[in-house]
Amino acid sequence: MTTERTRTERYDPSSVEPRWQARWAELELYRTDLGDTSRPKYYLLTMYDYPSGDLHVGHWYVKTPTDAIARFHRMHGENVFFPVGFDAFGLPAENAAIKKKIHPAAWTYQNIDNMRRQLRSMGATFDWASEVVTCDPAYYRWNQWLFLRFLEQGLAYRTTAPVDWCPNDGTLAREQVEGVERRCWRCGAKVEKRDLAQWFLRITKYADELLDFRGLDWPEPIRIMQTNWIGRSEGAEILFTTAPDDHQPGGDDLRVFTTRPDTLFGATFMVLAPEHPLVARLTAPDRRAEVETYVAAARSATEIERLSTEREKTGVPIGASAINPVNGARIPIWIADYVLAGYGTGAIMAVPAHDERDFAFATKFGLPIVEVIRAAGAPGPANGLSEAYVSKSATDLMVNSGRFDGQPAPAGFRAIVEWLKSEGKADFAVTYRVRDWLISRQRYWGTPIPVVYCAVDGIVPVPDEELPVRLPEHVDYQGSGENPLRRDPAFLNTVCPRCGGPATRETDTMDTFMDSSWYWFRYLSPGLDSAPVERALVDRWTPVDQYTGGAEHAVMHLLYARFFTKAMADCGLVGEREPFRRLFNQGQVLGADGERMSKSRGNVEDPDALVARYGADTVRLYLMFMGPWDQGGPWSPSGIGGVARFIGRVWTLALDPHGIEPGDPASGTLPAGEDAATAERTIRGAAHRTLATVTADYEAFHFNTMVARLMELSNLLFRYRGTDVAGGSAWDEAIALLELMLAPAAPHVTEELWARHLAARDEAWRSIHAERWPAVDAAAAAVETHELPVQVNGKLRDRVEVAVGLSEAEVEALVLARPKVVAALDGKTPLRVIHAGGGRLVNIVVRG
RNA sequence: GCCGAGGUGGCGAAACCGGCAGACGCGGCCGACUUAAAAUCGGCUGCCCGCAAGGGCAUGUGAGUUCAAAUCUCACCCUCGGCACCA
């Protein structure tokens, strides 16, 4: 008997995992009863995916820890709603259509089928009954409906805006414009800008409200990025007028926005955006050729290039002048690409003495620099300023500013604006960096914008009862990259809903960010065909309690979602004005080469192969163990074997507590100096201390240290395997705690072990995932002594085991008597003894 | 360029509040078990000097604050995310 060394069967995920997945599905364990009010609700949302074809480990990296959160909350008795869906419109489907001659819909649905299968292999607790697919007319119909409400509210409007344009392939997305040469990805033609009439949503109306994050538990960096993206600037709008010349009569209004009206006397020239509407009219005939060349060049540059502060400043004078309203001075008008048409008024007054970009510009082109602000007490510069003085100190004084000389700059700011305001030439103003949201896309695979154009009635909204405006199925998307909807007469030609006369449909479709701006509301009632959202469920379940997804969405998706919620609230559709109470951004898993995973780079890591080899639990646990969840990093599978080993050890501990390791002579005997009673105290103490830290780690999403703590506990239990205490009550308690703690992260193996324990005790089966999260036994977890590090002059010299709760004097006496400390003191008298952080460390200071 | 994040052993990382740098795991080395291998189990493993006891050095670089700095401050270097038509 004793020589029999047969081990328990190994853990075999390939048989255990599918069996439990099937059982959970059969029992509909994760279908949420949204009407159940007996328990607290927990709406857990993870960013839905674009159906690109295959899941990669990056998808697992977001979703499996989120699933652990869902399970953790269920174990706390909450009614958890954890839906999934697909962000199914978008450019890649159209690209696939062009390249592979497959219909975008076919490509998309084929990918969705595959990804559904892959998502199910995670063993996650998604509520599939709530699934949303945005390219389904039952979904995009409500995009159209919402658009029409926004149109009624004045939140949607149409105006012209430039697009990247290829003469052969029409509008191009940013990623379809290649290289610094800016050429078309398909035909290589030089890309130009073209102005098109397009639809916008008025996000700027909510700019101030979007700056308010009160009540939201969001990461600070995301709040800062959104705040900077919105970019609120307080200042004034100043009215300059153009001076008369030989070629034009003057008297045109030129409005500028400035944050520094106190520097107005230092405005020595004016710069218009090359796209500014007055440029053509004001330009002198002899300047025209040069100006037109410059405007063309500026239009082909990207905004990132134009706003670079590093780049050499460029610009040309247009041969006209403006009148500075404070002193009547004639100042030359230039155009330069660092001034953008879309920001402020598209025109600036240049104050080179007090703005870095203006200084660089004036220096390069020999324009005058007039100092008008000086630090208090500073002498005036002897030979002119060597750099711009941009400091905004409250004690700065105004100089060379007529009757404002000697005034503090902040007072001058107000005084100058008040004075000009009384003359109708200025007013206080606020400008935002954020621009209204351009939602028009000249593409096929998106939600058609539901308006028609009638020669008689102009822009006419499609009536609600005619929604959805369906995408025609059979279109010619092979001809060119231009929107195929324009080539489909059956779609294009319609009748005006108002007059019944001939009309044409809008052929632009919506930005897919429109779809993702309200999908979590739709999850609550995906099949509802009378309204986009069911108000009662929305009121009960939103805002979302926890949202997880990538930080790459910090400003666009997450800002649009907030805007949409506010706009929907103003349309009376929802009650809350914020979508996501708590946000977490996990890091990105990069390819092994450190680059973003993408098919074209060939660095995509396929989770199916890993699951086949190690099982879903190991992959889940490894992704959690890799590092902090918000960090991400390059993918490397080295180390996954360690996690697989850990799961195997838990399996062995749970099913074979009395086994002896033939390779370890100490196996099966208690550690030296321990009897059964102390061993059991050690086991219970370790288990309950682990429970305390693991609980905190789950709550803080510190999954990597959570796994480490469980490894430590299993290592400790392994030392007691085969001894007299193995299989005893303390042991069994520790094993049960270990399984419960591991259950949210590794749901299959823990479910199997739990079922076997129940069967061994002849108890009826119940899922471990329906068990309550255990409570810490504080008495068991308490420690009696701890190790105290002792430093002399900040260097570690000794460690002392001390009882918990000694006074500082007792500790000091103990420590000063230690031989190593005496040696380190070398006869010198301690100057101070510092007791840090409640017995964490003692530092003895001796030098003078 | 602008906004945001991050740089710690051979590798992934830990140190949550300014208090023992390197938990946990990978890899490596040594051992046990085995006819053998695999698997499994145990031990050691930041670098340098030393037989050892011990000592010195060390958290991207350089300065500073402090009894004490991976952690705070300043400057610089490098990597990653976003920059409005990829999602």
Worksheet item: Out of A:Tyr547, A:Phe701, A:Trp218, which residue meets the ring-ring contact (aromatic ring centres under 6.0 Å, His included) rule with A:Phe584?
Response: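 The residue from A:Tyr547, A:Phe701, A:Trp218 that satisfies ring-ring contact (aromatic ring centres under 6.0 Å, His included) with A:Phe584 turns out to be A:Phe701.
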
Worksheet item: How about A:Trp445 and A:Tyr50: are their ring centres within less than 6.0 Å of each other?
Response: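 No; A:Tyr50 has its ring centre 6.0 Å or more from that of A:Trp445.
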
Looking only at atom [atom1], what distance separates [N] and [M], rounded to whole Å?
N	M	atom1	result
B:rA75	B:rC2	P	13 Å
B:rG27	B:rA39	P	10 Å
B:rU79	B:rC29	C1'	33 Å
B:rC48	B:rG10	P	10 Å
B:rG60	B:rU40	P	35 Å
B:rC80	B:rU66	P	38 Å
B:rG22	B:rG7	C1'	16 Å
B:rA58	B:rC47	P	16 Å

Worksheet entry | Sugar-phosphate, base or nothing in reach of A:Pro634, heavy atoms under 4.0 Å |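 The answer is nothing, as A:Pro634 stays clear of every strand by at least 4.0 Å.
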
Worksheet item: Looking for any heavy atom pair under 4.0 Å, which part of the strands does A:Ser638 touch: base, sugar-phosphate only, or nothing?
Response: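 Sugar-phosphate only.
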
Atom-to-atom span, [atom1] of [X] to [atom2] of [N] - whole angstrom:
X	N	atom1	atom2	result
A:Met711	B:rG12	CE	C1'	12 Å
A:Met626	B:rA13	CE	P	8 Å
A:Asn793	B:rG56	CG	P	12 Å
A:Phe718	B:rG25	CZ	P	12 Å
A:Ile647	B:rU40	CD1	P	13 Å
A:Glu808	B:rG19	CD	C1'	14 Å
A:Leu825	B:rC67	CG	P	18 Å
A:Tyr698	B:rC16	OH	C1'	19 Å

Worksheet item: Between A:Tyr622 and A:Glu787, who's closer to the 5' end of RNA chain B by nearest nucleotide?
Response: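 Comparing both residues, the 5'-ward one is A:Tyr622.
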
Fill in: Position toward the 5' end of RNA chain B (nearest nucleotide), A:Ala696 or A:Arg709
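Its nearest nucleotide being more 5', the pick is A:Ala696.
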
So, does [X] get its side chain near the phosphate of [N], meaning an N or O under 4.0 Å from OP1 or OP2?
X	N	result
A:Lys795	B:rC57	yes
A:Asn715	B:rC41	no
A:Gln791	B:rC67	no
A:Lys820	B:rG54	yes
A:Arg797	B:rG55	yes
A:Arg645	B:rC26	yes
A:Arg649	B:rC41	yes

Item to complete: Taking A:Asp798 for its side chain and A:Val790 for its backbone only, find out whether a donor-acceptor pair lies under 3.5 Å.
Response: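 It does not hold such a pair.
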
Worksheet item: Is the glycosidic torsion of B:rC17 within 90° of 0, making it syn, or is it anti?
Response: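 Syn, angle within 90° of zero.
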
Discussion item. Syn or anti for B:rG50? Use the chi torsion, O4'-C1'-N9-C4 for purines and O4'-C1'-N1-C2 for pyrimidines, with syn inside 90° of 0.
Written reply: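 Glycosidic conformation of B:rG50: anti.
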
Item to complete: Identify whether the distance between the nearest side-chain nitrogen and carboxylate oxygen of A:Arg721 and A:Asp656 falls below 4.0 Å.
Response: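 Judged by the 4.0 Å cut-off on N to carboxylate O distance, A:Arg721 and A:Asp656 do form a salt bridge.
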
Discussion item. Regarding A:Glu801 and A:Arg818, does a basic nitrogen lie under 4.0 Å from an acidic carboxylate oxygen?
Written reply: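 Salt bridge: no.
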
Worksheet item: Is the NZ or CZ atom of A:Arg10 both under 6.0 Å from the centre of the six-membered ring of A:Trp651 and within 45° of that ring's axis?
Response: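 No, a cation-pi geometry is absent between A:Arg10 and A:Trp651.
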
Worksheet item: Cation over ring, A:Arg562 on A:Phe213, under 6.0 Å and within 45°?
Response: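 Yes, A:Arg562 and A:Phe213 form such a contact.
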
Practice prompt. Work out which heavy atom in A:Leu742 is nearest to a heavy atom in A:Phe646; give both atom names and the distance.
Written response: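 What the structure gives for the nearest pair is CD1-CE2, 4.1 Å.
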
Practice prompt. Let me have a per-nucleotide readout for nucleotides 78-87 of chain B, 5' to 3', with B, S or -, counting only protein heavy atoms under 4.0 Å.
Written response: ---BSBBBSB

Worksheet item: So what is the 5' to 3' dot-bracket string for RNA chain B, if pairs are Watson-Crick or G-U wobble with both distances under 3.5 Å, crossing pairs use [ ] and | means the partner sits on another strand?
Response: (((((((..(((......[....)))((((((.......))))))((((....))))..(((((..]....))))))))))))....

Worksheet item: What about A:Asn228: does its side chain form a donor-acceptor pair under 3.5 Å with the base of B:rC3?
Response: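 Looking at the base of B:rC3, it does not pair with any donor or acceptor on the side chain of A:Asn228 (distance under 3.5 Å).
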
Got a list of side-chain donor-acceptor pairs under 3.5 Å for residues 337-344 of chain A, not counting sequence neighbours?
residue	atom	partner	partner atom	Å
A:Asp337	OD1	A:Arg311	NH2	3.1
A:Asp337	OD2	A:Arg311	NH2	2.9
A:Tyr338	OH	A:Asp358	OD1	3.0
A:Tyr343	OH	A:Ser233	OG	3.4

Discussion item. Quick check on side chain to side chain contact (heavy atoms under 4.5 Å, CB included): which of A:Val132, A:Thr447, A:Val133 does A:Tyr139 satisfy it with?
Written reply: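 Exactly one option meets the side chain to side chain contact (heavy atoms under 4.5 Å, CB included) with A:Tyr139, and it is A:Val132.
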
Worksheet item: Using the ring of each side chain (for Trp, its six-membered ring), is A:Phe89 parallel, tilted or perpendicular to A:Tyr140, with breaks at 30° and 60°?
Response: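 Plane angle between 30° and 60°, so tilted.
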
Item to complete: Evaluate the ring planes of A:Phe513 and A:His557, with Trp represented by its six-membered ring, and classify them as parallel (under 30°), tilted (30 to 60°) or perpendicular (over 60°).
Response: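 A:Phe513 vs A:His557 ring planes: parallel.
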
